[in-house]
Amino acid sequence: MSTATQTRAVHARQSTAGSTVGANARALAPTPLPRSEPKPRTPLSLVPATKRSRRAGFAVFCFALLLAALVGVLVINVNVANSQYDIVSLRGQEQALSQQNEALTQELQNLQAPQNVAVKAAELGMVTPGTVASINLDTQKIAGKSTAAEKGKLPSAHVPTPAVPEDQAKKQTVADTKSEAAEQQSNIAPEGKAVTDGASEAESKTQKKTDEASSEDLNGGTIPAPAQQGSGQ
Amino acid sequence: MARPPARKSKHTEPRRLRTGLALAMVMLVLLGGRLFLVQGLDPSAAAEAATGQRIRETDQQPVRGKILDSSGKILAASFERYDLVVDQRQVKDSFKRKDGDGGRDVVQTEDAVKELAATLDIDQDTLKTSIIGDEGAKKKGYSVVAKGVTPETRNKVLKIGLPWITSQERFEREYPNGTVAGSVLGFLRSSEDGTSQTGAEGLELSQNKALAGEAGTKTFEIAADGVRIPMATLKEKPAVDGQDLKLTINSDIQWAAQEAVMAKQKQFNAEWVNAVVVEVDTGKIRALADSTTVDPADPGATDAKFRRSTTVSQAYEPGSTGKAATFAAALEEGVVKPKDHFTVPNEYTIGKETIHDSMKHETLDMTTAGIFARSYNTGTTMVGSKLSNEQRYEWMKKFGIGQGFDIGVPVNKGIFVPPERWDRRQQYTTMFGQGYSLTSLHTARIFQAIANQGVQIEPSLIESYTDPDGTEHERKEVKSKRVISKKTSKEMRRMMETVVTDGTGYDMDIDGYRVGGKTGTGQAAGPTGKLDGYTSSFAGMAPIDDPKYLVVVTMQRPKGNWESFSVGDTFTSIMSQTLNSYNVPPTTDKPDPYKVFVGKKQKYAW
């Protein structure tokens, strides 16, 4: 300990002598400290008390900092926790939407099945066509003989038609199409009065339907699902 | 620093202080003791128990890949469904349910069951048995209320609020087109643990590895209210969804073909009728139709024999369609030309074996093409015997007879033995399609080679695989090989046109197109080996000058008079539907058949 202090003292002296410090330092012979004149003692006097307000201000600052940090952590925590709940509800919504999408896709695929299309076409009064002749534009010749379609000639329905699931998705689709049709109809109505009436009616219908849909489709969430483009709403 | 001296107080103060201190001490000791218990003695077990309560591990079920047709229409897809399950031991007589305004109503369980019956459309008594259990019966811990309900129904059920009903998610396979392509798609069965489904037949089985995907797990911590604790431990091994499978099948043509073969099956009360549609230039199979098709949603309802497509599973003796290979080989070897002359009797004896024609006819002077057009066995034997048995065997093998190939579902190789094992009669019968067996798809391969300028392309059923991220993998490299020369292909096609214009295929013509093909009436061996039935078939292509599509229709064991058996209308309806769907332009060109008979007279009785 004492040696260390000494060395430090030596260093101090060296630095005052202007030598460099470090491994390459020149080894200088310690020069004797210049003798200083004894200073006269400062007479005792009353020191004015440091301002109290400064110390209090620091304490307030510390406290405020602590409080801010605490509040900050709390707010962040609450936020994180809340967003976790948001995530859950959003995920619920996403799930509900994808489920609806899935149901509609399935229904679409079912309706697109060739058997179902054939049955639907027959219901609409369509028959299987006769043979078709075609004109070759290059040679100006007609290939084949066209025959008229026979009345009541329907495709043989040997392949059983797959059942189309009847569920809410379907009803909703029907409602969608209806409101869309109503809107279109109102737009092309010739009389101005009819236009407004029809439009408002369609609008109120659509509105009502949207309300119903939103209260049904929230699935425990709080944010209504975004409306799909082109759904007629 | 000295404290300021305590204020003078009433005599009660020290006592209160002491009581407070004592209380604090007691609590401190209690807490300390508990702390020692928890942390001192076996702290890891306690921590484990605590984590165990929070941690949840769930299986992440992969979504099984879809099966699509050539235009992207869904043939099979998995949809989310729920099983509703109840623990009967927990069920009480009544429960509390939230009413609209934040309060709670007491609801009788029986009333809720009534509501449930309406929602699920299940008989009330059945529901009572499954939820509450029969009087006196042992309460079940796991009782299934309803299986495979849609998410919508499940939400409605959960709204009724019976607290003991839990829903288990699973995926259910749906086949939106019903039986269209059903026997190609196959079906699923429940896996051993009952939690998922795995392929049991058809493409669902053979492509199970690609379709199934890989299950994942998710480990996370939850709070008491069931919501995940943010920033707590989370381990997730995401499930890898299955690949989508795109087929070469066109569902519209598949349907049309199924309709046609079903109508034919009904007409002759045949054992089965099947049809194959192949795109000539690519070897892509556009339809594999069966008169009896399994409904993938209810496979049990179909006889086990028809749970696979008969087009690949049933090998039979082809009969006269087999003559195509014999004539093509003879032309390619140069031993005959289409216009060569033959004198064809009704009965022909060669090497102690007598060959008959099915219909009695006078001895006729015919061309090679004429023999093919009228499908005479005697004439065919004359042509075929110009080649050695070994030569014919090699040619038939080259066309793919007796060979297996990979289309993604198992294909029956059929029976085709080498010439050293042919018996005395078999060496001649193999010339006209008896004495060996093959599937309809094999026949389609032979005719595809003839149609495609002599180049045989291996048929394919799978177009591509699509990863969950959308990357598409084309099917493996298309195998193709030249079997016969362009010249032979052309001559064969002209001979096939002669079959339709002046031969046995008279009712196979399609207005606006030049059609060619070969009819076949084979004798079918019954279970005892006796030839007691017929196989009637037609393999045809159009347009004959540059064939685009090929249709093979086969009818097994029709009932009635064999002379009336014809699959002509089945062929024309499937072929015109195919030509129409793919916009194959019609032609005004006149047919260009060979002469059937030698000399000016071209009309002779059959």
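Below, read A as the first sequence line, B as the second, and so on, with proteins coming before strands; counting in each chain starts at 1. What you see is a predicted model; the values in this text were computed from it and never measured.
Within a 6.0 Å radius of CD in Glu150(A), other residues, nucleotides and ligands contribute 12 heavy atoms or fewer. Residue Asp121(B) places its CG atom among 12 or fewer non-hydrogen atoms of other residues, nucleotides or ligands, all under 6.0 Å distant. Heavy atoms from other residues, nucleotides or ligands lying under 6.0 Å from NZ of Lys66(B) number 12 at most.
Heavy atoms closer than 4.5 Å to chain A are found in the side chain of Glu174(B), but not in its backbone. The contact between Ile142(A) and chain B is made entirely by backbone atoms, counting heavy-atom distances below 4.5 Å. For Thr587(B), the part lying under 4.5 angstrom from a heavy atom of chain A is the backbone only.
Looking only at side-chain heavy atoms (C-beta outward), Asn136(A) and Pro585(B) stay at 4.5 Å or farther from each other. Here the side chains of Gln95(A) and Glu80(B) are in contact, with some heavy-atom distance below 4.5 Å.
Here CD of Gln112(A) is found 8.5 Å from OG of Ser251(B). Values are rounded to the nearest 0.5 Å. Within the model, atoms CZ of Phe79(B) and CD of Gln106(A) stand 4.5 Å from one another, a figure rounded to the nearest 0.5 Å. Distance check: Asn116(A) CG to Trp255(B) CH2 gives 10.5 Å after rounding to the nearest 0.5 Å. Separation of atoms OG1 (Thr588(B)) and CD1 (Ile135(A)) is listed at 12.0 Å; rounding is to 0.5 Å. For the atom pair Asp589(B) CG and Thr139(A) OG1, the distance stands at 9.0 Å (nearest 0.5 Å).
Nearest approach of Thr179(B) to Gln115(A), heavy atoms of both residues: N-NE2, 4.3 Å. Closest heavy-atom contact between Gln109(A) and Pro176(B): CB-CB, 3.5 Å. Across all their heavy atoms, Asp252(B) and Pro114(A) have their closest contact at OD1-CG, 3.8 Å.
For the pair Glu259(B) (side chain) and Val159(A) (backbone), a donor-acceptor distance under 3.5 Å is present.
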Take Lys266(B) and His158(A) through the side-chain contact (heavy atoms from CB on, under 4.5 Å) test and state the conclusion after the steps.
CA-CA 10 Å; Lys266(B) 286 212 172 84; His158(A) 292 299; 3.1 Å; yes

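Side chains of Gln99(A) and Glu152(B): no donor on one and acceptor on the other come within 3.5 Å.
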Enumerate donor-acceptor pairs with a distance under 3.5 Å from any side-chain N or O in residues 117-134 of chain A to protein atoms, sequence neighbours excluded.
residue, atom, partner, partner atom, Å
Thr128(A), OG1, Lys153(A), O, 2.9
Thr131(A), OG1, Lys145(A), O, 2.8
Thr131(A), OG1, Thr147(A), OG1, 3.2

